[in-house]
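Below you'll find the structure, written out as structure tokens, and then a few comments.
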Amino acid sequence: MFPEYDVIVVGAGHAGCEAAAAAANLGSKVLLVTMNMQTIAQMSCNPAMGGIAKGQIVREIDAMGGYSGIVTDKSMIQFRMLNRSKGPAMWSPRAQNDRMLFAATWREMLEQTPNVDFYQDMVSSLLIKDGKACGVVTGMGNTIAAKAVVVTSGTFLNGVIHIGEKRFGGGRVAEKAATGITEQLVSLGFESDRLKTGTPPRIDGRSLDYSKMEEQKGDENIVGFSYLDTPKPAVQRSCWITYTNQTVHDILKTGFDRSPMYTGRIEGTGPRYCPSIEDKINRFAERERHQLFIEPEGWNTVEIYVNGFSTSLPEEVQYQALCQVPGFENVRVFRPGYAIEYDYFPPTQLHHSLETKLLQNLFFAGQINGTTGYEEAACQGLMAGINAHQKTRNLEPLILKRSEAYIGVLIDDLISKGTEEPYRMFTSRAEFRTLLRQDNADLRLTETSYRLGLASQERMEKTLAKKNGVERIKHTLSGFSLEPAEAANYLLEKNSAPLIQKQKAAQVLLRPGIDLPSMSEAIPRLHETLHSFSSEMLEQAEIQIKYDVYIEKEKELVQKMSQLEDLLIPDNFNYDRIASLSNEALQKFKKIKPRTLGQASRISGVNPSDIQILMVFMGR
């Protein structure tokens, strides 16, 4: 019934979809196995993509030829570029999406991707032979062979849902949990643990009084996520902001004695940076209110997502507390919030390719590795799909460095440091965030992906055109002399000192408050010179000119640190013969088996002296 596949992807969430698309577009014959064909690429939690650091990840996925950016652009109902008031390293795109359109668009794109087959069933175990994964066994007893398997199980592995004192199995509300894989892998020597995440109630938007809330509109200029020319919405839907208050908090506290979090029924660790509302009022007792974002679920639905009100308290407590939120006095609830516990495998058990160390040809991506968030899952799926394909062809894996991409930071953090709580990406996790901006992901990654065979010719041509255009603009501005008289009115308007003599446009651009679009608009001769370049090229040139000193400093730092990254540690290196290593370093090195001295230096608990000792023993 089934042919042998190159790659089987288990699970069709964000990680699974990107893994299937990447492997298939590289030329692998792929089978995507999902428990429910109707929930492919389901937005299980909030109907949004991007945000701080997450937006940079989606742009990186897109630059490499992944689908998340295109799907986000095609299904967005609102777009905002966050942190515009800060430097460009902090700018982060974020979109509200139509939940149903997002999933439908993903499925459509996968169905139009040659080499992707689909099958609806639960995977109950993996086929293992000679220390290698070579297929799957499904719940209905079907055996399907493959050269590599990518497991992207999300929250489904032994998932348990909690609402107050109610507790039932499930991977999402109204969907059954997946069983079998954890038990099999643990029997083979894998270490597993439990994590917890949660989601807020879904609300009937017709029951809300928006006059009591602050409106939050989208940006006039929609940048979007994809570097390709994707359609953008002509109109946008607003989001709204309201706040909890002391009355809300007092009502929520009445349910603490029945909260699965506080009665010990939940054993898994929850996300530190996306806590439940009960966790917030407990940990931040001094705060009189907490912000809530009221987010529409799509163009043609009244369903509302209450961002900031994630909870697993009893339903009646959730309802009574919501009624005290301004604008929610007559609220109608579609579905209560709930918490979900699930199995994950500490990611120190993986290579940087996301292949497991214990079994060859088996790759993990997404929440199974301890991450939280669509974007974190999607980028791991992309890399696991690429590297599963590479492995089946006996080709070198693609491993992105920390200085090349947020994706590289995320995977290196997971493998080197592990995680005991759901891992979420922040800009602060990256040492080189001036280099890893959302505006230059194509310049950083498209060529690498194109050489691999994933990014299309169209992407490569657009990237080269942008690169050449930016260089021409920079060259033009470096040689373009502004006369004091022609710049006088513009500089006066910007509260900037007048020119005493001729000055190059690039030098004037370095002044605070001066930006290239307004300068070009105000000075006809300059506008005439630059009018043929796209706004994207102009913005990129401006950033490179303004931040040149900082960019060069980071590049120098990357060069210095790359010396450690280039020092490979042999796979069979015997750490036991180094008597002067600290006990903690010895244990961590033996467990994690770092690939390079650079990775070894980032393992938590390892001191610089341990690295120096290691370097001496390696003859360095």
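Taking CZ from Arg107 and CE from Met37, the interatomic distance works out to 4.0 Å, rounded to the nearest 0.5 Å. Atom CG of Leu362 is separated from atom OG1 of Thr356 by 4.0 Å, given to the nearest 0.5 angstrom.
Between Glu18 and Leu382, the closest heavy-atom pair is CB-N, 3.7 Å. Heavy-atom minimum distance, His389 versus Val7: N-CG2, 4.3 Å. Residues Leu322 and Pro201 share a closest heavy-atom pair of CD1-CG, 3.9 Å. Between Arg194 and Leu157, the shortest heavy-atom distance links the atoms NH1-O, 3.7 Å. Listed here is the closest heavy atom pair of Val150 and Ala384: CG1-CB, 3.8 Å. Nearest heavy atom pair, residue Tyr305 against residue Glu297, reads CB-OE2, 3.6 Å.
Under 3.5 Å, the side chains of Gln56 and Ser92 contain a donor-acceptor pair of N or O atoms. Remark: the Asn387 side chain and the Ser353 side chain contain no N/O donor-acceptor pair separated by less than 3.5 Å. The closest side-chain donor-acceptor pair between Asp98 and Ser75, if any, does not fall under 3.5 angstrom. Using a 3.5 Å distance cut-off with no hydrogens or angles, the side chains of Asp343 and Ser192 do not pair a donor with an acceptor. Between the side chains of Asp412 and Ser416, at least one donor-acceptor pair of N or O atoms lies under 3.5 Å. In this structure, a donor-acceptor pair under 3.5 Å is present between the side chains of Glu183 and Asn158. For the 3.5 Å distance criterion, the side chains of Arg272 and Thr269 fail to qualify, holding no donor opposite an acceptor. In the model, Thr419 has no side-chain atom that pairs as donor or acceptor with a side-chain atom of Lys417 under 3.5 Å.
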Show the numbers, then the answer: is there a salt bridge (charged side-chain N to carboxylate O under 4.0 Å, His left out) between Lys74 and Glu108? CA-CA 12 Å; Lys74 285 184 172 181; Glu108 187 182 329; over 6 Å; no
side-chain contact (heavy atoms from CB on, under 4.5 Å) between Thr34 and Phe118, intermediate numbers included: CA-CA 8 Å; Thr34 172; Phe118 302 85; 5.8 Å; no
Given side-chain contact (heavy atoms from CB on, under 4.5 Å), test Arg206 with Arg332 step by step and report yes or no. CA-CA 8 Å; Arg206 296 168 299 184; Arg332 288 192 297 274; 3.9 Å; yes
Chi angles and distances behind the side-chain contact (heavy atoms from CB on, under 4.5 Å) call for Lys29, Asp117: CA-CA 8 Å; Lys29 182 74 177 163; Asp117 288 349; 3.5 Å; yes
Worked verdict on Tyr227 versus Glu458 for side-chain contact (heavy atoms from CB on, under 4.5 Å): CA-CA 10 Å; Tyr227 290 96; Glu458 180 190 3; over 6 Å; no
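Put simply, the side chain of Phe328 reaches to within 4.5 Å of the side chain of Val306, judged on heavy atoms. With a 4.5 Å cut-off on side-chain heavy atoms, Val333 and Gln318 do not count as touching. Contact annotation: the side chain of Leu110 approaches that of Cys17 to within less than 4.5 Å [non-hydrogen atoms, C-beta and beyond]. Side-chain contact between Tyr67 and Ile61: absent, with no pair of heavy atoms (C-beta onward) separated by less than 4.5 Å. Inter-residue side-chain proximity for Leu398 and Met64 is flagged as met; some heavy-atom pair is nearer than 4.5 Å. Side-chain contact between Cys239 and Phe293 is absent, with no heavy atoms from C-beta onward closer than 4.5 Å. Under the 4.5 Å side-chain criterion, counting only non-hydrogen atoms from C-beta, Tyr319 is in contact with Val331. Side-chain contact between Leu252 and Glu278 is absent, with no heavy atoms from C-beta onward closer than 4.5 Å.
The aromatic rings of Phe2 and Tyr119 stand perpendicular to each other, their planes meeting at an angle above 60°, with 30° marking the opposite boundary. Using the six-membered ring where Trp is involved, Phe345 and Phe190 have ring planes that are perpendicular, over 60° apart on the 30 and 60° scheme. Relative orientation of the Tyr374 and His14 rings is parallel, given thresholds of 30° and 60° on the angle between their planes.
Partner of Ile57 under the side chain to side chain contact (heavy atoms under 4.5 Å, CB included) criterion, out of Glu375, Gln438, Gln380: Glu375 alone. Remark: of the listed residues Arg172, Glu175, Gln367, Arg172 is the sole one forming a side chain to side chain donor-acceptor pair (under 3.5 Å) with Ser44. When each of Arg94, Arg237, Arg80 is paired with Glu295, the salt bridge (Lys or Arg N to Asp or Glu O under 4.0 Å) condition holds for Arg94 and for no other. Of the residues Val149, Leu414, Leu350, the one that meets the side chain to side chain contact (heavy atoms under 4.5 Å, CB included) test with Phe364 is Leu350.
Panel note: side chain Thr155, backbone Gly171; a donor-acceptor pair is recorded below 3.5 Å. Gln599 places a side-chain N or O within donor-acceptor distance of the main-chain N or O of Arg595, the cut-off being under 3.5 Å. Between the side chain of Arg459 and the backbone N or O of Asp442 there is no donor-acceptor pair closer than 3.5 Å. Distance alone, capped at 3.5 Å, places no donor-acceptor pair between the Thr105 side chain and the Val71 backbone. When atom types are taken as modelled, the side chain of Glu60 and the backbone of Gly408 share no donor-acceptor pair closer than 3.5 angstrom. No donor-acceptor pair closer than 3.5 Å links the side chain of Asn369 to the backbone N or O of Thr371. When atom types are taken as modelled, the side chain of Lys357 and the backbone of Thr348 share a donor-acceptor pair closer than 3.5 angstrom. Judged by distance alone, the side chain of Ser28 and the main-chain N or O of Val30 form no donor-acceptor pair under 3.5 Å. Judged by distance alone, the side chain of Ser259 and the main-chain N or O of Gly255 form no donor-acceptor pair under 3.5 Å. A distance-only check finds no donor-acceptor pair linking the side chain of Asn25 to the backbone of Leu454 [under 3.5 Å].
At most 12 non-hydrogen atoms from other residues, nucleotides or ligands lie less than 6.0 angstrom from CZ of Arg167. Atom CE of Met100 has 12 or fewer neighbouring heavy atoms from other residues, nucleotides or ligands inside a 6.0 Å radius. For Glu420, the CD atom sits in a loose shell: 12 or fewer heavy atoms of surrounding residues, nucleotides or ligands are nearer than 6.0 Å. Taking a 6.0 Å sphere around CD of Gln184, one finds it holds more than 12 heavy atoms contributed by other residues, nucleotides or ligands.
Salt bridge status for Glu191 with Lys591: present, with a side-chain N to carboxylate O gap under 4.0 Å.
The salt bridge (charged side-chain N to carboxylate O under 4.0 Å, His left out) contacts involving residues 120-140 comprise nothing, where partners must be two or more places apart or lie in separate chains.
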